[in-house]
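One structure follows; several queries about it will come next.
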Amino acid sequence: MERLKVRAACLIGWPAAHSRSPLIHHYWLRQLDIAGGYSIEAVPPEGLAEFVLHLSSHGFVGANVTIPHKERALALSQPDRRAAAVGAANTLWYDGGQLRATNTDVEGFINNLDACAPGWEATRDALVLGAGGASRAVVFGLIERGIKRVHLANRTLLRAHGLADQLGGDVRVVPWAAVVDLLPRAGLLVNTTPLGMHGQRQLDIDLGLLPASAVVADLVYVPLRTRLLAAAQARGLRTADGLGMLLHQAVRGFELWFGKRPEITPELRALVEADLAKH
Ligand code: NAP
């Protein structure tokens, strides 16, 4: 088989959805002159265990995992601390013959913040909106980085309590209505909900209430410049966008599969931006 000749990784999902991961990894393979591949593999839920447990005989040195397989992939592999804490695996690789898993959304979020807003971690209070899967990675990253207090607002309070109980740390669940009172002391505001994405409602938040030193991060990247980020920039606040997180989360997988740490260049960002503009 063609794919056995080169090191190859893939994205496992169902159904096979459009993804920017092949574009990102092919760019890095070209740039680093590595004879490798990255494909999208549509694997139905009933075929997941066989596919993951025999990943190498399918021709792959590792994989990304996406909806709806992230939780089951965790159970089929040996997760690291991050994947276990987040409760979902998005990256699989072999380590001495053992199939390992991690969750690179944690470092994707944190490394993007470091790149866009150095010193952001000086804040005592972070305010996170949303308590879904992406929020678990964000909140875990903030705790791991030593942020003192994480205020977590979600439409469904029970889900936010579940997240806080699971992750430990000083995570304070607050009702959505309390966001307005927390803004004046939030040094970091993070939107992990899909609000502001094309086709969704906008977030209704008065950024004028944030301190002048605050940093605003949005996980949404369609559109690239969400209304939340535009409003933050108009106020002169530093921002970190969802595309930055997407690019930063891809770095570790590439390094684990192909042995070299790739760079996020302006050229790569422009390539993915152009692709986002098409869809
Ligand atoms: P998820 O598990 O479905 O969680 C969605 C969260 O948003 C939940 O807290 C949900 O609240 C809340 N929410 C949804 N619709 C809402 C509404 N109309 N009003 C208020 N709250 C609402 O999704 P996810 O996997 O965490 O993804 C969330 C977003 O992050 C998506 O836009 C995704 O594309 C983005 N993301 C980006 C990256 C990146 O690399 N940039 C990585 C991962 C995810 P309830 O609990 O009340 O339902």
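Note that ligands are numbered from 1 as they come in the structure, with each ligand's atoms numbered from 1 the same way.
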> When you look for heavy atoms under 4.0 Å from ligand 1, do you find them on the side chain of R159, its backbone, both, or neither?
Replying inline: side chain
> Is it true that atom CD of Q98 has more than 12 heavy atoms of other residues, nucleotides or ligands lying nearer than 6.0 Å?
Replying inline: yes
> Any N/O of M245 closer than 3.5 Å to an N/O of ligand 1?
Replying inline: no
> So do W93 and T102 actually touch side chain to side chain, heavy atoms under 4.5 Å?
Replying inline: yes
> Does ligand 1 have a heavy atom under 4.0 Å from the side chain of L195, from its backbone, from both, or from neither?
Replying inline: side chain
>> Please work out, at 4.0 Å between heavy atoms, whether the side chain, the backbone, both, or neither of M197 comes within that distance of ligand 1.
In response: side chain
>> Can you confirm whether more than 12 heavy atoms, excluding those of D206, are under 6.0 Å from its CG atom?
In response: yes
> So, does A131 sit close enough to ligand 1 that a heavy atom of it is under 4.0 Å from the ligand?
Replying inline: yes
>> Assess whether a salt bridge exists between R20 and D275, defined as any Lys/Arg side-chain N lying under 4.0 Å from an Asp/Glu carboxylate O.
In response: yes
> With respect to L113, which candidate in V138, V190, L188 satisfies the side-chain contact (heavy atoms from CB on, under 4.5 Å) definition?
Replying inline: L188
> Can you tell me which residue and heavy atom of the protein come closest to atom 47 (O) of ligand 1, and the distance to 0.1 Å?
Replying inline: T156 OG1, 2.4 Å
> Are E50 and H58 close enough that a side-chain donor and a side-chain acceptor fall under 3.5 Å?
Replying inline: yes
> Can you list the ligand 1 atoms lying under 4.0 Å from a non-hydrogen atom of G130?
Replying inline: 9 (O)
> Counting heavy atoms only, which part of Y221 comes closer than 4.0 Å to ligand 1: side chain, backbone, both or neither?
Replying inline: side chain
>> Considering G133, A134, A217, G132 one by one, which has a heavy atom nearer to atom 6 (C) of ligand 1 than any of the others?
In response: G132
>> Tell me whether R145 is salt-bridged to D114, with the criterion being a basic N under 4.0 Å from an acidic carboxylate O.
In response: yes
>> Please report whether ligand 1 has a polar contact with G242, defined as an N or O pair separated by less than 3.5 Å (distance criterion only).
In response: yes
> To which protein heavy atom is atom 11 (O) of ligand 1 closest, and what is the distance rounded to 0.1 Å?
Replying inline: N154 OD1, 3.2 Å
>> We want to know whether T193 and N191 form a side-chain donor-acceptor pair, criterion being a heavy-atom distance below 3.5 angstrom.
In response: yes
> Please state which protein non-hydrogen atom is closest to atom 16 (C) of ligand 1 and give its distance, to 0.1 Å?
Replying inline: R155 NH1, 3.4 Å
> Taking atom types as modelled and ignoring hydrogens, do the side chains of E121 and T123 form a donor-acceptor contact shorter than 3.5 angstrom?
Replying inline: no
> Hey, does Q233 have a side-chain heavy atom less than 4.5 Å from the side chain of R238?
Replying inline: no
> Is the shortest heavy-atom distance from the side chain of S56 to the side chain of Y94 under 4.5 Å?
Replying inline: yes
> Which bit of Q249 gets closer than 4.0 Å to ligand 1, counting heavy atoms only: side chain, backbone, both or neither?
Replying inline: neither
> What about S135: any of its N or O atoms under 3.5 Å from an N or O on ligand 1?
Replying inline: no
>> For atom 40 (O) of ligand 1, tell me which residue out of L246, T104, T192, L129 has the closest non-hydrogen atom.
In response: L246
> What are the atoms of ligand 1, with element, lying closer than 4.0 Å to any heavy atom of P194?
Replying inline: 7 (O), 13 (N), 14 (C), 15 (N), 32 (O)
>> Could you check whether atom 18 (N) of ligand 1 has a protein contact, counting only heavy atoms that fall below 4.0 angstrom?
In response: yes
> Should one rank L219, N191, L152, L158 by closest heavy-atom distance to atom 30 (O) of ligand 1, which comes out on top?
Replying inline: L219
> Side chain, backbone, both or neither: which part of T193 has a heavy atom under 4.0 Å from ligand 1?
Replying inline: both
> Between D241 and R269, is there a salt bridge with N-O shorter than 4.0 Å?
Replying inline: yes
> Counting each atom of ligand 1 from 1 as listed, which ones have a heavy atom of R201 under 4.0 Å away?
Replying inline: 18 (N), 19 (N)
> Hey, are R149 and D125 close enough for a salt bridge, meaning a charged N less than 4.0 Å from a carboxylate O?
Replying inline: yes
> Can you find an N/O atom of W176 closer than 3.5 Å to an N/O atom of ligand 1?
Replying inline: no
